[in-house]
Number of protein chains: 4
Amino acid sequence: MARTTKKEAILDAALTLFAEKGVDAATTREIAERADTAEGNLYRHFEGKDDLVRTLFETTARRFADVLKAEAGDEDDPRARLEALIQGIFTFGESHPAAFQFLLASHPSHIPKDRDLLLGPYPMRLFVETIVRGVSQGAFRPVDPVLATGWIVAMAQRAVLLARMGLLADDRERIISETVEASRRLLAADPAPPVGEGPHDD
Amino acid sequence: MARTTKKEAILDAALTLFAEKGVDAATTREIAERADTAEGNLYRHFEGKDDLVRTLFETTARRFADVLKAEAGDEDDPRARLEALIQGIFTFGESHPAAFQFLLASHPSHIPKDRDLLLGPYPMRLFVETIVRGVSQGAFRPVDPVLATGWIVAMAQRAVLLARMGLLADDRERIISETVEASRRLLAADPAPPVGEGPHDD
Amino acid sequence: MARTTKKEAILDAALTLFAEKGVDAATTREIAERADTAEGNLYRHFEGKDDLVRTLFETTARRFADVLKAEAGDEDDPRARLEALIQGIFTFGESHPAAFQFLLASHPSHIPKDRDLLLGPYPMRLFVETIVRGVSQGAFRPVDPVLATGWIVAMAQRAVLLARMGLLADDRERIISETVEASRRLLAADPAPPVGEGPHDD
Amino acid sequence: MARTTKKEAILDAALTLFAEKGVDAATTREIAERADTAEGNLYRHFEGKDDLVRTLFETTARRFADVLKAEAGDEDDPRARLEALIQGIFTFGESHPAAFQFLLASHPSHIPKDRDLLLGPYPMRLFVETIVRGVSQGAFRPVDPVLATGWIVAMAQRAVLLARMGLLADDRERIISETVEASRRLLAADPAPPVGEGPHDD
DNA sequence: CATGAATGAGTTTTCATTCAT
DNA sequence: AATGAATGAAAACTCATTCAT
């Protein structure tokens, strides 16, 4: 009683294999086998292996963004929203491990357009926007929002990887709260200095 | 009377190509061509492509560690030492761009032994040791040193990548000092609370 | 609408070439060419060249055994049966010259399991069984049946080879009858000695 | 304190490897390694691999003939001489196992000239000559001497192989005496029939 | 004589893609 | 839609032979 269509089965199989061994090392034959279909059938649903990769990048990135959005909800406060987004990275890493690995470990040469992934309609944008707003509202100290996004996303991703490799002693909850706390410190606005004695930036 | 041996030429060519297009996409033919040698000669110096990858991992990781050590010198203060190490990541990213890219972007399935790269005799260990010492001396707040190493290294690496992709407005110096400052905030020990009024942790 | 499948064509081509030039000297390219197919197709039907060799050993040995069985029919008398089996070696050598050559001239290092070919479910067993029976019935003189099988099979095979090389003056029929006669003399039971005057076997 | 020259070391190494894995499967690199010399040096002593094969065929065939001659001595009686020659096959098989295997198992395509090996100045000729003489003297029954040589040599060779494979229960001495006895029966002249009662051949 | 790096043509094998059914 | 045999270009790898030292 398969609820999934053949096309979905192919996408699933490909995603898993791409994550496991990398895009190049995964063969169309393996993908077809794991999707329990004929190799030729793959070309009825996709233009070729490249198309499969492209499609997967888009859907997994969108799925990632969806998880982040769901986690952030309509939270308005930049600090709370940012923390929810970070939590979302962990959630996604756990609920979609293959997608997480695929998005992270694919060689740049396979990524359709680097800028898009980072700044396009996809995941990173949510961070950048939140940080931009937080800085302008004074909730965060002034930093380049793209750089700060890079820092925070990289931190969370690395935390997921280290946890997955069994290199961290703490449990899941603790790792997340530690990483959230770290991001808080990273962006915390400095306490307002006594009037008339502010720092000189020049 | 070339100063470089053929073996070195092969390693160089392979490193560049592996970094550019990924290990799988780089062919032995390309490598040989770029090294200006016959394809077969590659197999006199290495057991095969895999051996080439393994060798490169080891030498580039070691080279990375050497740059970090050189940058840190015999600095003893954990704070200063950590900052020097971070500076080292940028230095290495600039002086050995192909090695940097290769170490970062190779698919895990090509990495000989993940644990070794992170905790073995190689780069990451320098960070972990420094943080352990800093925490025990009270210079840093108490954190899991492996997790903190992950954060900081990931931050710096991502900063190098973003800069390389032209996504950052600031100049090199500024990006480095920002990233160093970020790591400082990440690990800064909290000010000692007034006696008798400390926070309750339970 | 060829009656033969591509797989059979490949096996045929390989057998011929293996017999002609030896397993090592026959290339997959030649095999594919002679089978009128693409080289890659060879690897859909077989795991590799080794698999091809293995498969051919099994099928040709079985085919050899089949010819022997057909020739021996349900003949019960050990003498008659043995002579039919010897006749079978010649028949096989003529009807399947490539298979005959392949079985004979392949280097031991290519033979999957020497014992099997000689004593396993295959050709030689038929001889051994017949000789065992003949000895126990007193039709043959007492000899090690394995050794006797070796003698007889080797004799017949060598006769086929010498004939094929044009070194024998006699015609086919004569060579066969001579060889059969030779085997008869080889195994003939000694005439019962007059009672009381027999040789002492100590 | 090597008594052997480099050239001899190369011949030895090649013979062993050719016997073990076949001419094609043995590489010049292996041969050089086993001879403890440089690969290139092989080409100082021989024109190439083919020359090595040719040389080995000649020397091993000659060595085989020498063993046979030594065994036969100046024995004049055809029966005794033939039995000594058969004994010689076993002697050679034991004293020069690699040479024995090399002469036997090399693919025909590597054998310089089949006729020469069988009938030329080499081993087989000794058998043919002895049998021709034995037949003309009435010591042996009338048979094609080439065919009879083939039978007897094949029998002895096969006996050596079976013994080497551990398929024979009897000990060395017994196997030899059995094989000699077999050849005796093979060629024994029929008892002269009473005058006027000769056999009818039709 | 000796060495072993270098060569390049050749080998086995892989794999994305096509196509007849 | 589905199949899986077939294709062929390209991949990794081998190896007899050459050559500078």
Side-chain angles (χ1 to χ4, degrees), chain A residues 5-7 9-10 23-33 35-53, chain B residues 1 5-7 9-10 23-33 35-52, chain C residues 1 5-7 9-10 23-33 35-52, chain D residues 5-7 9-10 23-33 35-53:
Chain A
T5 72
K6 237 34 245 230
K7 182 164 183 176
I10 292 171
V23 168
D24 289 302
T27 70
T28 50
R29 189 203 276 252
E30 281 174 310
I31 295 169
E33 253 169 33
D36 200 37
T37 190
E39 209 175 342
N41 198 25
L42 204 146
Y43 292 82
R44 182 162 314 283
H45 295 294
F46 302 93
E47 282 170 34
K49 202 187 179 187
D50 285 353
D51 186 32
L52 243 178
V53 176
Chain B
M1 195 180 74
T5 73
K6 226 74 214 204
K7 183 167 184 175
I10 291 170
V23 167
D24 291 300
T27 71
T28 50
R29 180 200 279 261
E30 281 174 311
I31 294 169
E33 254 169 32
D36 200 38
T37 189
E39 207 175 341
N41 197 27
L42 203 146
Y43 293 85
R44 164 166 314 285
H45 295 293
F46 303 93
E47 279 171 36
K49 203 185 175 188
D50 284 355
D51 186 32
L52 205 42
Chain C
M1 198 180 73
T5 72
K6 225 74 215 205
K7 182 166 183 175
I10 291 170
V23 167
D24 291 302
T27 71
T28 51
R29 181 200 279 261
E30 280 173 312
I31 295 169
E33 252 168 33
D36 199 38
T37 190
E39 211 174 338
N41 198 27
L42 205 146
Y43 292 85
R44 163 167 314 285
H45 295 292
F46 302 94
E47 279 171 37
K49 202 186 177 186
D50 284 354
D51 187 31
L52 206 41
Chain D
T5 71
K6 237 35 241 235
K7 183 165 182 174
I10 291 170
V23 168
D24 290 302
T27 70
T28 49
R29 189 205 277 253
E30 280 174 311
I31 295 169
E33 253 169 34
D36 202 38
T37 189
E39 211 175 339
N41 198 24
L42 203 147
Y43 292 82
R44 180 161 317 284
H45 296 293
F46 302 93
E47 280 170 37
K49 201 187 179 185
D50 285 351
D51 187 31
L52 243 177
V53 176

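Chain letters run A, B, ... following the sequence lines, proteins first, then strands; residues in each count from 1. Everything numeric here is computed off the predicted structure, so don't read it as measured data.
Considering only the side chain of A/Ala38, F/dG4 comes nearest among F/dA5, F/dG4, E/dA16. Across E/dT11, F/dC15, F/dA2, the shortest atom-to-atom separation from the side chain of A/Lys6 is found for F/dA2. Of the candidates E/dT12, F/dA2, F/dA6, F/dA2 carries the atom nearest the A/Arg44 side chain, counting heavy atoms from C-beta on. For D/Thr37, the side-chain atoms get nearest to E/dT3 when compared with the rest of F/dA6, E/dT3, F/dA2.
Summarising the geometry of C/Ala35 relative to C/Ala9, their closest heavy-atom pair is CB-O, 3.6 Å, with the distance given to 0.1 Å. The minimum heavy-atom distance linking C/Glu39 with C/Ala32 is given by the pair CA-CB, 3.6 Å. B/Thr37 and B/Lys6 make their closest contact through CB-CE, 3.8 Å (heavy atoms, listed as atom of the first residue, atom of the second, distance). Residues B/Thr28 and B/Tyr43 share a closest heavy-atom pair of CG2-OH, 3.5 Å. Contact between C/Asp24 and C/Lys49 at its shortest, heavy atoms only, is O-NZ, 3.6 Å. In plain terms, the two heavy atoms of A/Ile10 and A/Ile31 that are nearest each other are O-CG2, 4.0 Å.
Using a 4.0 Å heavy-atom criterion, one finds that A/Thr28 contacts the bases of the nucleic acid, with or without backbone contacts as well. Within 4.0 Å of A/Gly48, counting heavy atoms only, lie sugar-phosphate atoms of the nucleic acid but no base atom. Counting non-hydrogen atoms under 4.0 angstrom, C/Ala26 reaches the backbone sugars and phosphates but no base.
The line from CG of A/Leu42 to CD of A/Glu47 is 12.0 Å long, rounded to the nearest 0.5 Å. Separating the NE2 atom in C/His45 from the CG atom in C/Leu52 is a distance of 11.0 Å, to the nearest 0.5 Å.
Spacing between atom CD1 of D/Ile31 and atom P of F/dT14 amounts to 17 Å, rounded to whole angstrom units. The nearest whole Å value for the distance from the CZ atom in A/Phe46 to the P atom in E/dT18 is 16 Å. Straight-line distance from the CD atom of D/Glu39 to the C1' atom of F/dC15: 8 Å, rounded to whole Å. The distance between atom CG of A/Leu42 and atom C1' of E/dC19, rounded to the nearest whole Å, is 16 Å. Remark: P of E/dT17 and OH of A/Tyr43 are 4 Å apart, rounded to the nearest angstrom. Atom CG in D/Asn41 sits roughly 15 Å away from atom P in F/dT17 (whole-Å rounding). Rounded to an integer number of Å, the gap from CZ of B/Arg29 to P of E/dT13 is 20 Å. Separating the CD atom of A/Glu47 from the P atom of E/dT18 is a distance of 11 Å, rounded to the nearest angstrom.
Checking A/Gly40 against B/Asp50, the closest nucleotide of DNA chain F that is more toward the 5' end is the one next to A/Gly40. Residue whose closest nucleotide on DNA chain F sits further toward the 5' end, between D/Lys49 and B/Asp24: B/Asp24.
Applying the 4.0 Å criterion to OP1 and OP2 of E/dA2, one finds that D/His45 has a side-chain N or O inside that range. For F/dT14, neither phosphate oxygen OP1 nor OP2 lies less than 4.0 angstrom from any side-chain nitrogen or oxygen of D/Thr27.
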Quick one: the dot-bracket string of DNA chain E, using Watson-Crick and G-U wobble pairs with both distances under 3.5 Å, [ ] for crossing pairs and | for bases paired to another strand.
-> .||||||||||||||||||||
